[in-house]
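Here the structure comes first, spelled out in structure tokens, and everything after it is commentary.
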Number of protein chains: 2
Amino acid sequence: MLRLSKLTDYAVVVLARLEDAEDGGVLTAPGLAARTGLAEPTVSKVLKILAQRGLVEGRRGATGGYRLTRPLADMPLTEVITAIDGPIALTACVDNSSGLCDAEATCPVRGRWDPVNDAIRRALSGISIADLAHAPAVVPHPEPAAARQAVYAAAE
Amino acid sequence: MLRLSKLTDYAVVVLARLEDAEDGGVLTAPGLAARTGLAEPTVSKVLKILAQRGLVEGRRGATGGYRLTRPLADMPLTEVITAIDGPIALTACVDNSSGLCDAEATCPVRGRWDPVNDAIRRALSGISIADLAHAPAVVPHPEPAAARQAVYAAAE
DNA sequence: GCAATCCGGACCTGTCTGGTCCTGTTTGCA
DNA sequence: TGCAAACAGGACCAGACAGGTCCGGATTGC
């Protein structure tokens, strides 16, 4: 499924909201949680990670909050994915970290995922967060909470 | 981390070995397990999935076994990934399956991962299993079992 | 001094993957 | 015709990991 972690998705949402902020672009974690509809601890967690990677800037104190360090257009998607999920690579048996593959001794594919990973990195490198954030339209949803429950139930 | 399941990795290994087979290209699951160094039940599991998707052909009976349905060069990587891991998509809140995203009502990114997924699919579509299987060289490993244990231990 | 906020952890829990096993069913051969 | 070899299709279990929560401490403005 090529699963990306949910946190990465959240990060994009949070960054998008952050760019829309007034007051010099500063927003608190609770404020962002309210605007995104995500749980406050989760938003806080995402922001902490982003701050460590230099994507946002945290300011402590009574009038503190988070602020973007640069416009989303200058923020490649790869940087956010790397910040949250770590290096962009398809499997564990990759990038010279020899020994992680169970069938290493007889594996004819060993080291051969590299071109695949490169292809993916290239594909993603041209996309910025702004490309994702500035969506033209959001599909409207009649009954958010109710519909969500229904789909969750139907999913399994 | 963009993690791909290990089974997909195994599938590529198994397919590569299968192409090298003599005897009309037919190999049994135990035989493939021996040649790949993977556990027999695991190999069997992978082969069953691949057979369901039409990538290999299973033949029952005393002289049965598995055989490729076509050359690896004609087998795109995306097909194997899709067979093992399901549709190629970066997150759960993707491809019109509305309702899976927690912050759907306020999510400004909703539906916007599609171009990202398209980019990845395009990047992968040009790669065949043969490109992965025909590796130029395998990094030799001095003491397979012992070294593997050591690395596993050091990893955590 | 107090309140609001970020910071850096630890911690728990549910889910999912990897891996195993078991019971049919099919096929070839003696 | 019986037997053995092999696939088919499940169920099942244990471990790892991600999502999510919470807490104590540090910092800043009023």
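Within every chain, numbering begins at 1; the chains are lettered A, B, ... in the order of the sequence lines, protein sequences first and strands thereafter. Hydrogens, waters and symmetry mates play no part in the numbers below; they use all other heavy atoms, side chains included.
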>> If you define the side chain from C-beta out and look only at heavy atoms, does anything of Ser5(B) sit under 4.5 Å from Ile84(B)?
In response: yes
> Nearest-Å distance, OH (Tyr66(B)) to C1' (dA5(D))?
Replying inline: 13 Å
> Expressed in angstrom and rounded to an integer, what is the separation of Lys6(A) atom NZ from dC16(C) atom P?
Replying inline: 9 Å
> Separation of Leu7(B) atom CG from dT20(C) atom P, in whole Å?
Replying inline: 11 Å
> Taking CD1 from Ile49(A) and C1' from dG19(D), how many angstroms apart are they, rounded to a whole number?
Replying inline: 11 Å
>> As a test of reading the structure: which of dG28(C), dC7(D), dA18(D) is closest to the side chain of Pro30(B), going by heavy atoms?
In response: dC7(D)
> Among the nucleotides dG28(C), dA8(D), dG19(C), which one has an atom lying closest to any side-chain atom of Ala51(B)?
Replying inline: dA8(D)
> Mapping Lys45(A) and Gly65(A) onto DNA chain C by nearest heavy atom, which one lands closer to the 5' end?
Replying inline: Gly65(A)
> What does Leu47(A) touch in the nucleic acid at a heavy-atom separation under 4.0 angstrom: a base, only the sugar-phosphate, or nothing?
Replying inline: nothing
>> What's the separation between atom CG in Leu55(A) and atom CE in Met75(A), rounded to the nearest 0.5 Å?
In response: 5.0 Å
> Can you tell me if the side-chain N/O atoms of Arg59(B) get under 4.0 Å from OP1 or OP2 in dG28(C)?
Replying inline: yes
> Are the side chain of Thr36(B) and the backbone of Leu32(B) linked by a donor-acceptor contact shorter than 3.5 Å?
Replying inline: yes
> Within this structure, what is the CG-to-C1' distance between Leu27(B) and dA6(D), rounded to whole angstrom?
Replying inline: 13 Å
>> Reading DNA chain C from 5' onward, which residue's closest nucleotide shows up sooner: Ala62(A) or Gln52(A)?
In response: Ala62(A)
> Want to settle it: does Arg60(A) or Pro41(A) sit nearer the 5' end of DNA chain D, counting the closest nucleotide to each?
Replying inline: Pro41(A)
> Asp85(A) CG to dA18(D) P: how many Å, rounded?
Replying inline: 8 Å
> Within the distance-only criterion (no hydrogens, no angle test), does the side chain of Thr78(B) pair as donor or acceptor with the backbone N or O of Ser125(B) below 3.5 angstrom?
Replying inline: no
>> I need the minimum non-hydrogen distance between Leu68(A) and Leu72(A), along with the two atoms involved.
In response: CD1-CD2, 3.9 Å
> Quick one: is Thr42(A) getting a side-chain N or O under 4.0 Å of the dT21(D) phosphate, OP1 or OP2?
Replying inline: yes
> Tell me: CG of Leu32(B) to P of dC7(D), nearest whole Å?
Replying inline: 9 Å
> Any donor-acceptor pair under 3.5 Å joining the side chain of Lys48(B) to the base of dG9(D)?
Replying inline: yes
>> Rounded to whole Å, please give me the gap between OH in Tyr10(B) and P in dG18(C).
In response: 8 Å
